[in-house]
Amino acid sequence: MIRSLFNLLVFPGFMFLVLSGLIFEWLDRKFLARFQRRVGPPWYQPLADLIKLFSKEDLLPKNANDLLATLLPLISLSSVLTAGLYVPIAGYTPFSFEGDLIVIIFLMSVPTLAYYLAGIISLGIYSILGGGRSLLQFFAYEIPLLIALSGPAILGGSWSVSSIMESQGRLGPFIIFQPLGFILAIVGLIGKLKRDPFDIPKATSEVVGGSLTEFSGAKLGFWNLVMDIQAVVGIFLLIDLYFGWTKMGYPILSIVIFVIECLILILILSGTSAIFARLRIDQLAGLGWRILVPLALLQIGFVILMGV
Amino acid sequence: MDKISIPIGPQHPLLKEPLSMMVDISGEKVLGGSLRLGYVHRGIERLAQQRTYVQNIHLIERICGICSHVHTTTYCYAVEALLGIEIPPRAQYIRALMCELERIHSHLLWLGILAKHIGLDTIFMHTWHDREMVLDIMEEVSGGRVSHAANQIGGVRFDLDAEHDKMIRKILIKLHSQVEGLLDVIETEPAAMARTKGVAPISPDLIKAYGVVGPVARASGVDVDMRRDAPLPPYDQLEVKVITHKDGDAWARTFVRVEETRVSLNLCETIIREMPRGDVVVRTPRRIPAGEVIIRSEAPRGELFYYLRSDGSDKPARLKVRTPTLAALSLLPVQLSEINVADIPVVLAGVDLCIACADR
């Protein structure tokens with residue numbers, strides 16, 4: 001009982017995920033700043049931003065549905081936190097079961113749908129535009145991401161992340177067999193996190209703040225937290241699926257390797273957002289369906305042939 | 001999908017200066033747009049009639065925050081034309097040097113804004129960093145980063161010494177290498193190309209019908225440049241390479257401005273190298289003989305037109321300024337149709353609006 005409570009609230013639950021979300025956001029902002037010849041924020045800046053947002057006045061347009069606007073960020077937050085519980089962290093999985101990869105993927109797509117709804121119910125012109133764009137983007141990146149993520153599952157012969165990691169212990173990390181799948185998963189993750197160059201739903205110069213234009217105060221704070229934790233869970237998941245040899249016998253060593261892998265992935269994400277211009281939504285849809293999906297299918301075909 | 005109107009401005013992250021646009025969209029397609037101007041109208045032309053010719057220099061410097069020097073330069077040449085005097089060659093060269101530096105920093109600023117609008121923040125940060133070097137030169141020689149107060153009737157207010165000379169040469173060399181790198185990125189980066197190639201092309205006929213000038217006109221293949229076509233001294237002694245492109249789309253506008261930055265850098269080096277010695281100012285009377293004059297010059301955004309009429313007193317009877325942005329603004333509603341919502345920033349950035357200039 002106490003152990004479950006500890007798992008839910010401290011590690012790998014709420015506290016750990018929120019803290020790593022803030023740290024990842026800081027690292028990302030710092031890396032991006034260094035790419036752009038800036039100094040970047042101090043380590044406590046994401047936390048300070050969060051505290052500031054929670055102390056601000058909470059406003060919504062007059063006819064907007066306040067109950068739904070409050071529930072949506074909370075639902076998204078709880079689903080990404082739940083997804084975080086099932087992702088092995090440095091090989092540690094308290095709640096693992098067969099099929100948890102599918103649960104994680106499902107829970108991770110809840111915030112996108114909530115984001116779309118948030119745009120529609122908050123009744124701003126820019127919010128509606130941003131919401132519509134987020135749904136379009138969802139269809140562009142989600143399919144290649146799903147196909148790419150099923151690669152490790154097929155190779156590992158299981159839909160459970162921890163058994164996929166175990167088979168990587170036998171066969172070696174799956175990035176060796178599926179480098180293409182890894183790149184596609186990264187691209188899909190960038191789309192999911194709405195990061196530059198796929199920040200189309202919240203492109204400042206086009207739709208101001210996207211779906212969240214009308215949000216403020218604690219609700220916006222929760223949304224920011226959702227994005228941060230989504231990034232954490234996505235990064236952990238990619239590490240587990242593609243670099244999953246973190247179960248090494250020595251816990252300290254596997255933790256160190258896990259942290260280094262996290263840093264590398266954050267660096268990749270910051271780097272891509274630094275060097276690419278934002279695409280148009282039609283260009284993204286074209287990229288998703290004409291390039292990413294065929295490549296992902298190619299990778300799957302390769303994996304299946306390898307299994308035979 | 002139904003038609004909805006989205007307001008862009010007067011306050012919008014896309015705009016640095018107040019301008020109001022209503023853009024009709026259907027889904028992600030833009031159907032058309034309308035403009036509302038006048039948010040920064042300060043009545044400068046009327047104010048100029050109430051002040052003396054000397055006071056007006058400082059007033060006119062404040063028409064624009066980016067191309068402030070070319071405004072005072074054109075005004076001073078107009079007053080000097082009425083007086084019938086020619087300023088010393090060294091003063092002419094210093095004026096031209098400041099004009100070219102201003103063009104470089106204006107184009108770099110513009111490049112940064114375009115990059116920011118298409119989500120390429122890294123280029124934005126780097127161009128604005130490099131732009132600081134130009135501002136450093138301007139601050140060093142004139143004392144002001146934005147308002148330089150460089151001109152006075154009959155010459156310029158400062159002289160360049162050997163140390164300035166050395167510093168400018170050093171910074172220009174550094175800037176050259178930086179700019180080459182930046183230009184490489186903006187001209188070859190695939191995502192940036194995808195966002196600008198083929199976006200909102202303007203035909204040369206449309207350019208001529210609307211009287212659009214400057215880099216926008218040159219990007220559509222209309223070969224106009226006041227530095228060559230109606231040269232003020234010392235441009236008559238300098239060779240100005242005019243960059244044109246035939247495509248007329250957003251990418252061509254980028255290309256033209258980027259190449260012009262290169263040309264201006266070379267021009268700065270020539271000016272520094274060939275700078276004649278001598279005085280930088282001649283004494284002039286306070287009262288200006290009656291008459292009227294038209295002076296045209298090439299501002300960073302295109303042809304700048306000054307009409308000045310004197311009635312023989314120490315205050316102008318009429319001062320009329322036509323800025324390049326006005327023509328570009330009138331073309332904007334035409335460009336804002338049959339494009340994507342995501343192209344609005346590219347179109348807006350492409351014409352390089354200076355609302356403060358246009359409204360005055």
Self-check item: Distance-only donor-acceptor check, side chains B:E260 and B:H107, under 3.5 Å
Solution: yes
Quiz item: Within 45° of the ring axis of B:W128 and under 6.0 Å from its six-membered ring centre, is that where the NZ or CZ of B:R131 lies?
Solution: yes
Quiz item: Hey, which of A:R280, A:R133, A:Q283 has the most heavy atom pairs under 4.5 Å with chain B?
Solution: A:R280
Self-check item: Toward chain A, the part of B:V346 with a non-hydrogen atom under 4.5 Å
Solution: neither
Quiz prompt | Segment of B:H117 engaging chain A (4.5 angstrom heavy-atom cut-off) | solution = both
Exercise. Side chain from CB out, backbone as N, CA, C, O: work out which of these in A:I275 comes under 4.5 Å of a heavy atom of chain B, or both, or neither.
Key: backbone
Quiz item: Would A:R38 and B:D121 count as a salt bridge (charged side-chain N to carboxylate O under 4.0 Å, His left out) if you check the C-alpha gap in whole Å, the side-chain angles of each, and the deciding distance to 0.1 Å?
Solution: CA-CA 11 Å; A:R38 290 186 286 123; B:D121 283 19; over 6 Å; no
Practice problem: Side chain from CB out, backbone as N, CA, C, O: work out which of these in A:D282 comes under 4.5 Å of a heavy atom of chain B, or both, or neither. | Solution: side chain
Quiz item: Between B:K29 and B:D24, is there a side-chain N and carboxylate O pair less than 4.0 Å apart?
Solution: no
Quiz prompt | Parallel, tilted or perpendicular, as decided by the 30° and 60° cut-offs, for the rings of A:F138 and A:Y141 | solution = perpendicular
Quiz item: In terms of heavy-atom proximity below 4.5 Å to chain A, should B:P190 be classed as side chain, backbone, both, or neither?
Solution: neither
Exercise. Compute both the distance and the angle, then confirm whether A:K194 meets the cation-pi test with A:Y115: under 6.0 Å from the six-membered ring centre, within 45 degrees of the axis.
Key: yes
Quiz item: Hey, which of B:V341, B:I123, B:N340, B:I344 has the most heavy atom pairs under 4.5 Å with chain A?
Solution: B:N340
